[in-house]
Structures are given as C-alpha cells and as structure tokens.
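Data first, discussion second: the structure below is written as structure tokens.
A note on names: the letters A, B, ... follow the listed sequences, proteins ahead of strands, and every chain is numbered from 1.
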Amino acid sequence: MGVPVVPITTGRACHLDAAMVSGGLKLLKQRLDPASLDLLWVENVGNLVCPAEFEVGEHRKVALLSVTEGDDKPLKYPVMFREAHCVLITKTDLLPYLPIGIAMGTNPVICRLLEPLMGLIRYMPAPAFIPLLIIYFGLDELPKVLLISIGTFFFNTLMIMDAVKFVPRELVETARTLGGRTLPILTRVVAPFIAPEVLDTYRINMASAWNLVIVAELVAATEGLGKRISLAQRFLRTDEIFMGVIVIGLIGLLIDLGFRALMRRACSWAN
Amino acid sequence: MHLQIDRLCKSFGYGAARKEVLRDVSFAVNSGEFVALVGSSGSGKSTVMRLIAGLEQPSAGAISIDGRPVTAPGSDRGMVFQKYSLYPWLTAAQNVAFGMELQGRSRPEVRERTAYFLEVVGLADAARHLPRELSGGMQQRIAIARALAAEPQVLLLDEPFGALDIQIRESMQEFLRDLWQRTGLTALLITHDLEEALLLAGTVHILAPSPGRIVRSVSVELDHSSMAHLRVSAPFLALREELAQNLRSLEPALPC
C-alpha cells in the first residue's frame with residue numbers, strides 16, 4: 001500500500017511511552033512531511049495493562065481483544081476497556097465452535113436436560129415475541145437483536161449438536177490413544193470436523209435471521225427496508241413494495257454466496 | 001516391556017439382555033514380539049483390543065504394562081483402526097504430527113520426527129497430500145506412522161488391512177513385516193485372516209466365539225525370509241489348513 005512504517009524498539013520495557021513515540025516521529029520526519037499525514041497509527045505492544053496507563057499523544061485509543069483470550073478480560077483489565085474509545089473483537093470466526101451445541105452433542109446428560117426445552121422453544125414463532133420485546137426493551141436495536149437471537153439460536157444449537165453426534169468414533173478414539181484429553185479433543189478433533197456443517201447451518205439459518213430483521217422493521221422501526229415496505233403499503237405504492245422485496249432477496253443471495261465462498265476457503269477438505 | 005492380559009472377562013448389557021463377549025482371556029506380549037489374535041466375527045477380538053487400548057473397562061480380570069494396571073487410553077499403546085481414522089482436514093504430515101503435538105513435544109522435534117516416520121513408511125512424497133488424495137493402503141501407512149511417531153510401547157493393529165483390496169493387502173503385509181524387522185516394534189494384531197496372522201506373527205492365539213476365549217496358541221516357527229515363498233511353502237500351508245479346520249470346528253453348525 002506504500003504506507004511508511006517506522007519500527008520502535010521498546011528495549012527492556014513492555015510498552016511504548018511518549019519519548020519513544022517522539023523518537024519514532026523524528027525518524028518518520030526524515031522520510032516525509034508530517035503535515036501531509038491524515039492519520040497516524042501507533043501500534044502499542046504487549047498486554048492489556050501498561051498501554052492503558054501511558055499516554056503516547058494519541059487522539060483515539062483502540063483495544064484489540066481476541067475471542068480466544070476469554071470473556072473475563074474486561075473484568076480483569078478494566079482500565080484498558082475504560083480508556084479505549086473502541087474495542088475491536090478479533091478471531092470471531094472461532095465463536096461458533098463454542099459452547100452449548102458441542103456440549104449437548106458430546107455429553108448425553110446435558111443433551112437430555114436441554115433438548116426438550118430447546119425443542120419446545122424452537123417451535124414458538126419468534127415474531128410472537130415482538131410485543132413482549134417492545135414492552136420490555138423499547139424500540140431501540142436491542143429488541144431486534146433479541147428477536148433474531150430467539151429465532152435462530154435454538155435451531156443453530158440443535159443442528160450443531162447433531163453435527164457433533166456424527167463425528168466418527170474412530171477419530172475421537174484415535175486422539176485418545178495418542179494421549180489426547182477432553183479439551184484438546186474438542187478443539188482439535190470435534191471443532192474442525194463440524195466446522196463445515198456449522199458454516200452450512202449458519203448459512204441456512206441466516207435466511208430466517210434476515211427474515212426476522214425485516215419483520216422487526218415492519219413492526220417497530222423508524223427506518224430500514226421493512227419500514228419502507230410498510231410505508232409503501234399504506235400509500236398503495238406497489239412498485240416500491242416490489243422493489244423492496246427484490247432488494248431484500250438480493251441481499252439474502254449475496255449473504256448466501258458469501259457463506260459459500262467462506263466455506264470453500266476455510267473447509268476445502270470437505271468439498 | 002511386558003504386556004500382561006490376565007483372565008479378562010467382558011459382558012455388555014444387564015439382566016436378560018446381558019451378553020458375555022469374553023471369558024478368561026489370558027496372554028502376554030513382550031518387547032519386540034509380534035503377536036496375533038485370530039477369530040471369526042463375534043469372537044470378541046476387537047473388544048480385546050479396545051480393552052487393552054483403555055477405551056473400554058473389563059468386567060473382570062486385569063491388563064497391565066510392566067506391572068502398572070491399564071485404566072485409560074494412553075500414548076504408551078498406539079492404535080491403528082480398520083478405517084476412517086485419519087483426520088480429513090489435515091495433510092499426511094500433519095496427521096503424523098498430530099499425536100506428537102498432543103504430547104506437547106517441541107516444534108523442531110515434531111518436524112524432524114514427522115519427516116523421519118514419513119520416510120519409514122515410504123511416503124515422504126505424500127507429506128502435503130490430504131487423506132482423500134491417498135489410496136487406502138497409503139492412508140493406513142500414514143495411520144501406522146502416526147501411531148509409531150507417538151513412541152508407543154506396543155502397537156495395537158485392529159484389522160488394519162481389512163478394508164483393502166487383496167493385492168494391496170498382500171503388499172501391506174510385506175510392508176508391515178519389513179517395518180517390524182527394521183524398527184523392532186512390538187505389535188499386537190487382530191485379524192480374521194489366518195494367513196495374515198501366520199505370515200506376520202511369531203505367536204498366534206485362536207479365539208473361539210460366543211463367548212470369546214482362547215482355544216489354541218501356536219508359536220509359528222517358519223522361515224519368514226521371503227513372504228512370497230512362505231505363502232506357498234508346504235509347512236505354511238499345512239499349518240494354515242490345520243488351524244483353519246480348528247477354526248471351522250468352532251463355528252456353530254449352519255441350520256439347513
């Protein structure tokens with residue numbers, strides 16, 4: 001991209017300080033005029049402690065947190081998360097490997113406990129929850145997010161559970177005879193094996209999630225495609241309704257193609 | 001290394017549905033030995049293997065290695081299954097490295113040993129291939145390399161060539177015999193193929209079905225220098241025929 005980069009060594013320290021950044025800026029000055037810059041990134045190193053406590057002259061602070069670090073980090077390092085103007089969560093592709101579906105697929109007790117409940121809630125139509133969600137959570141984004149969660153979580157969980165049940169016994173037992181314990185078997189055998197099916201499950205359930213976005217907007221929104229359609233309906237503008245429906249379909253198709261491309265790239269072994 | 005199997009019994013199910021699979025099975029395997037268990041289907045031979053691997057618990061009896069009782073799976077007992085045991089998303093080399101990584105070996109060591117064991121099974125060229133790009137015989141050789149790389153004290157082979165064509169089977173039998181001679185590994189082979197057992201093993205135990213029990217143990221003293229000759233040599237054929245009759249007499253008579 002031709003972006004000039006200046007490396008700064010921190011020596012024995014575990015983080016940058018203002019003096020080091022100033023030194024770096026001087027190095028940068030030899031190569032270009034600082035006035036010509038719109039944006040200067042300072043990448044600080046190390047943990048989630050020191051970078052929060054030393055100002056290096058920045059206007060905005062962005063903290064990066066990866067999914068694999070665990071959800072306890074904001075509690076453990078509150079200063080960083082208070083100081084940051086933006087928190088970017090990375091490696092979110094690992095999220096689907098997480099908890100309940102895998103737990104149900106591998107552990108018959110958990111499965112028997114949760115499956116009836118899941119089956120029951122799964123058959124409740126998500127749109128029926130809209131009035132309740134509006135009463136409890138108002139008209140903001142939260143009730144819409146909750147609506148989509150209600151409409152997709154249980155399907156996803158049950159389908160992931162089924163995928164886990166189809167992991168060939170030999171693959172798990174081979175890992176056990178090679179000295180593998182429960183956690184490595186989950187992350188290194190079960191998770192990669194079900195990855196293609198998890199992606200496929202997500203692709204299929206994305207359709208209902210997308211439907212629910214529109215349903216939520218029809219009922220409780222001030223803008224959005226669904227809102228436009230309901231406005232058009234009020235004024236009998238059928239052409240706008242058609243347009244809205246077609247755009248919704250096209251966006252859905254694009255999401256679908258995106259998932260297929262992701263699957264081809266990430267799980268080429270399964271094709 | 002001394003693997004001792006002592007009066008092993010195993011039943012599945014409870015009450016009226018209880019089925020006795022193994023009764024008082026005892027034998028031993030010592031370092032460098034190649035031992036085979038032969039039996040028809042229903043003789044519980046795979047169950048013996050799963051018990052030794054620690055994947056099932058015996059109903060009675062004991063399994064020990066050098067005096068330490070076996071209670072759970074461990075990397076001291078490597079296992080090769082009949083099929084479906086390579087990780088389809090890993091390349092051949094990554095499959096071989098898998099067990100060593102689980103053991104927490106250092107990266108350079110894993111890399112070096114992976115290359116070495118691919119070489120041992122003659123598949124150095126296939127290192128970067130996915131399992132689905134390899135033939136059935138090659139896949140089993142990778143599975144054997146993976147098991148050996150984890151440095152087991154005994155290699156458990158559960159019908160390793162049962163899913164292969166007859167020609168590939170024969171070349172794999174020669175491969176395994178050769179591997180045993182070169183590396184001095186200790187192996188326990190489970191098979192329903194009497195010929196395979198006699199070609200490969202120094203000691204052959206014959207299992208009778210329902211419930212599985214050892215009815216005869218033979219120590220094979222034949223000239224193993226050339227497997228092709230051995231297959232058709234008179235003493236080999238005589239021993240095979242004798243044991244085959246023995247096996248046939250154990251089968252329940254077919255209803256007419």
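Listed by sequence position, A/A175, A/R176, A/T177, A/L178, A/G179, A/G180 are the residues of residues 175-183 of chain A in contact with chain B, using a 4.5 angstrom heavy-atom cutoff. Using a 4.5 Å heavy-atom cut-off against chain A, no residue of residues 104-113 of chain B qualifies as contacting.
Residues B/R68 and B/D76 meet the side-chain proximity criterion, which asks for heavy atoms closer than 4.5 Å. At least one side-chain heavy atom of B/L118 sits under 4.5 Å from a side-chain heavy atom of B/I142.
Using a distance-only test at 3.5 Å, with no hydrogens or angles considered, a donor-acceptor pair links the side chain of B/Q139 to the main chain of B/P131. Although no hydrogens or angles enter the test, the distance criterion places no donor-acceptor pair under 3.5 Å between the side chain of A/K61 and the main chain of A/E83.
By the 30° and 60° cut-offs, the orientation of the rings of B/W89 relative to A/F193 is perpendicular.
At a 4.5 Å heavy-atom cutoff, the contact between B/R77 and chain A is made by backbone atoms alone. Looking at B/R50, only its side chain comes within 4.5 Å of chain A, counting heavy atoms on both sides.
In this model, a donor atom of one side chain and an acceptor atom of the other lie less than 3.5 Å apart for B/S46 and B/D158. In the model, B/H2 has a side-chain atom that pairs as donor or acceptor with a side-chain atom of B/N30 under 3.5 Å.
Once rounded to the nearest 0.5 Å, the distance linking CZ of B/R146 with CE of B/M100 reads 11.0 Å. In this structure, B/I52 CD1 and B/I190 CD1 are separated by 7.0 Å, a value rounded to the nearest 0.5 Å.
Heavy-atom neighbours of B/R182 CZ from other residues, nucleotides or ligands within 6.0 Å: above the threshold of 12.
Counting heavy-atom pairs closer than 4.5 Å to chain A, the top residue among B/A150, B/P152, B/G99 is B/G99.
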